[in-house]
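Shown next, in structure tokens, is the structure this report addresses.
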Amino acid sequence: QVQLVESGGGLVQAGGSLRLSCAASGSIFSINAMGWYRQAPGKQRELVAAITSGGSTNYADSVKGRFTISRDNAKNTVYLQMNSLKPEDTAVYYCNAEGTIVVDTKADFGSWGQGTQVTVSS
């Protein structure tokens, strides 16, 4: 079992910044990819940004140049620095991690965090 705990959401005015954090814990052998997704009311969950263990990143077009994803492999933690926030960034942000756990044997895992609300006022 792998648990993901997110923090850093909140209410901010348009143009402001927030930093989200997500820490993974459990019987983790390795984490391949970590990412952030978001889901606004009435919309499907969408990828915001992802990062591999080697540091390769991928961003949604809507956040390129404004958001930066990073990770601390030693702490199994991923961050999302969000700058120049817009009202359309308002959503519940979810952390995701995929990798390998070790209990009796190795097994693949994919886990989601509980979500953190980000609200951007105009």
P87 versus S122, closest heavy-atom pair with distance
CG-CB, 3.8 Å

Minimum heavy-atom distance V92-G115, with the two atoms named:
CG1-CA, 3.8 Å

Using a 4.5 Å cut-off on heavy atoms from C-beta on, say whether the side chain of I31 contacts that of R71.
yes

Determine whether a donor-acceptor pair (N or O, by modelled atom type, separation under 3.5 Å) exists between the side chain of T77 and the backbone of K75.
yes

Are side-chain heavy atoms of T68 and L80 found at a separation under 4.5 Å?
no

Test salt bridge (Lys or Arg N to Asp or Glu O under 4.0 Å) on K86 and D89 and set out the steps.
CA-CA 5 Å; K86 304 176 181 180; D89 294 317; over 6 Å; no

N/O donor-acceptor pairs under 3.5 Å from side chains in residues 96-109, not counting sequence neighbours:
from, atom 1, to, atom 2, distance (Å)
N96, ND2, S111, O, 3.2

If you take all heavy atoms of G9 and V118, which pair is closest and at what distance?
CA-CG2, 4.2 Å

How many angstroms lie between atom CZ of R38 and atom CD of Q44, to the nearest 0.5 angstrom?
14.0 Å

Any T52 side-chain heavy atom under 4.5 Å of N32 side chain
no

Smallest heavy-atom separation, R66 atom then S84 atom, equals NH1-O, 2.9 Å

Evaluate the side-chain proximity of V12 to T119: yes if any heavy-atom separation is below 4.5 Å, no if none is.
no

All pairs passing disulfide (SG to SG under 2.5 Å) where residues 49-110 contributes a residue, at least two apart:
C22-C95

Can you name the closest pair of heavy atoms from L47 and A50 and give their distance?
CD1-CB, 4.1 Å

Sidechain-backbone polar pair: R45 side chain, Q39 backbone, donor-acceptor under 3.5 Å:
no

Which residue pairs pass the ring pair (Phe, Tyr, Trp, His ring centres under 6.0 Å) test when at least one of the two sits in residues 32-88, sequence neighbours left out?
Y37-W112

Mind checking whether T90 and Q117 have side chains closer than 4.5 Å, heavy atoms only?
yes

Rounded to the nearest 0.5 Å, what separates atom OG in S53 from atom CG in N76?
11.0 Å

Do the side chains of Y94 and L20 join up, straight or via other hydrophobic residues, at under 4.5 Å, putting them in one cluster?
no

Q81 versus S17: any side-chain heavy-atom pair under 4.5 Å?
yes

Taking the side chain as everything from C-beta on, heavy atoms only, tell me whether Y93 gets closer than 4.5 Å to E6.
no

